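These notes concern the structure reproduced below.
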Amino acid sequence: MPDRRHPYLLAAAGTPFGRLEGSSALDLMAQAANAAIARAGIARADIDGVLCGYATTYPHLMLATLLGEKLGLDPRYAHGIQMGGATGAAMVMLAGELLRGGVCRRVLVVAGENRLTGQARDTSIQTLAQVGEPDTEVPNGASVPAYYALLASAYMACTGTRREDLAEFAVLMRRNAAMHPRAHLREPIDVRQVLEARPIATPLHLLDCCPISDGAVALVLSTDDGPVRLAGAGQAHRHQHLSALRDVLDTGAARAAQRAMAQAGVTRGQIDYLAIYDSFTITLAMLLEELGHAPRGGAAARLRHGDYDPDGVLPLNTHGGLLSFGHSGVAGGLSHVAEAWEQLAGVAGQRQIGRRRRALVHADGGVLSAHVSLVLEAEAA
Ligand SMILES: CC(=O)CC(=O)SCCNC(=O)CCNC(=O)[C@H](O)C(C)(C)COP(=O)(O)OP(=O)(O)OC[C@H]1O[C@@H](n2cnc3c(N)ncnc32)[C@H](O)[C@@H]1OP(=O)(O)O
């Protein structure tokens, strides 16, 4: 008998990521939601919870209610949620709590944006600046890449990480995205191209940054048996963005992961798939090292050894991550959960890696400020 204390991920689905002219954020969310409900094989009337990530291109106060109406649902619980890049993982955690607590039996989790085509270029970049202090930083126009560049400089000085090391992560993410038919950026790149791309905010160059994409992702969680269980979830909120610079070696990521693994009753050594937030190459290197999946300054060495390859000991972001699959607001982080689900459920098609048992999903919001970790477990085949 399956363990009834754990919620299951019944299905995940999404739209392509990239330039999707003519679709509103709400249209994209509805497309992803309909695909996930169909894939879960349940009736629309069976959905009794809706969790919906905010959309900067559709700033509606009643987004979850509006989406439920558009989809023809009749939820007993609906909630719009905002936690930057960690929103997707936070919604999955909350869905788990609603299921464990008996509030709902089948929860739809959805996020989507037309962030590339639905806003002027400068508005998109300025919107992202709003993780800063509203009175001082936002009007001065500091961008999210600029914040992460400060983190990168501090971290590189502290650990000896070089630009060449970070570039390897951009190359791996692009190689993985080439295998995904719905990814935004699929052209192969090499380390030299990453190093020689135009500077955005030193030391980060264009290919060290995730793109701005359109796209949506949805999941259905339930107390019904499914192929993948949500075995654990944890959060940590240590500081608001720039205060991370005070201690780049302890952003709170490890604490969130420890809480998730403790709930799941597993140790780091039992994780065999990684889905790690990668808004920038530095984000990925820092998180891998803080989470203990590489020694400090040593993530690139593990990568060069092949450990993070799809056929390595610890496959990483096999859909191409935010850096290449794409980043469409909250849907970007939710795409990591969707990919982990596909891999654990064994339905990833041509990207399917060998059978994996347990994934750690980790997302951060703001500038490594809010952290959410999830442990997903495949039901034994
Ligand atoms: C905030 C949180 O809570 C946590 C987070 O998620 S942090 C991450 C949030 N997201 C971001 O900060 C987005 C980061 N990226 C950017 O701001 C922008 O992509 C950028 C500033 C790096 C580049 O923007 P830009 O200079 O305006 O480029 P733009 O003029 O739009 O595009 C020019 C070309 O480069 C491509 N391009 C743009 N960004 C790219 C990227 N990151 N990688 C590869 N190619 C890119 C475009 O597709 C375009 O190609 P074509 O000419 O073939 O169409």
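Note that the numbering runs from 1 along the sequence shown for the chain. Nothing here was measured: the structure is a model prediction, and the numbers come from that model. Read the numbers this way: they start at 1 and go in the same order the structure lists the ligands and their atoms. Side-chain atoms are counted along with the backbone in the values below, which use heavy atoms only and exclude waters and symmetry mates.
- At under 3.5 Å, a nitrogen or oxygen of Tyr277, whether backbone or side chain, sits near a nitrogen or oxygen of ligand 1.
- Near Gly365, the atoms of ligand 1 lying under 4.0 angstrom from a non-hydrogen atom of the residue are 3 (O).
- Contacts between Met83 and ligand 1 below 4.0 angstrom, taking non-hydrogen atoms only, are absent altogether.
- Taking distance alone, with nitrogen or oxygen atoms compared against 3.5 Å, Leu207 stays at or beyond that limit from ligand 1.
- For residues 75-88, the set of pairs meeting the side-chain hydrogen bond (donor to acceptor under 3.5 Å, both in side chains) definition, not counting sequence neighbours, comprises Tyr77-His79.
- In this structure, atom 51 (P) of ligand 1 has no protein heavy-atom contact shorter than 4.0 Å.
- Annotation: Gly85 places an N or O atom under 3.5 Å from an N or O atom of ligand 1; distance criterion only.
- Protein heavy atoms are absent from the space less than 4.0 angstrom from atom 54 (O) of ligand 1.
- The local environment of CD in Glu69 is sparse, with at most 12 non-hydrogen atoms from other residues, nucleotides or ligands closer than 6.0 Å.
- The contact set between ligand 1 and Leu185, taken as ligand atoms under 4.0 Å from a residue heavy atom, comprises 43 (N), 44 (C).
- For atom 29 (P) of ligand 1, the candidate residues are His327, His205, His184, Arg198; the nearest heavy-atom contact is made by Arg198.
- More than 12 heavy atoms of other residues, nucleotides or ligands shown are found within 6.0 angstrom of CG on Asp247.
- Compare Ser369, Cys210, Ser324 by their heavy atoms: the one nearest to atom 14 (C) of ligand 1 is in Cys210.
- Under the 4.0 angstrom criterion, atom 3 (O) of ligand 1 counts as having a protein heavy-atom contact.
- Counting only heavy atoms, the protein gets under 4.0 Å from atom 8 (C) of ligand 1.
- A salt bridge does not link Arg304 to Glu164: none of the charged nitrogens lies less than 4.0 Å from a carboxylate oxygen.
- Proximity to Gly366 (heavy-atom distance under 4.0 Å) selects the following atoms of ligand 1: 1 (C), 2 (C), 3 (O), 4 (C).
- With a 6.0 Å radius and a threshold of 12 heavy atoms from other residues, nucleotides or ligands, Arg268 has its CZ atom at or below the threshold.
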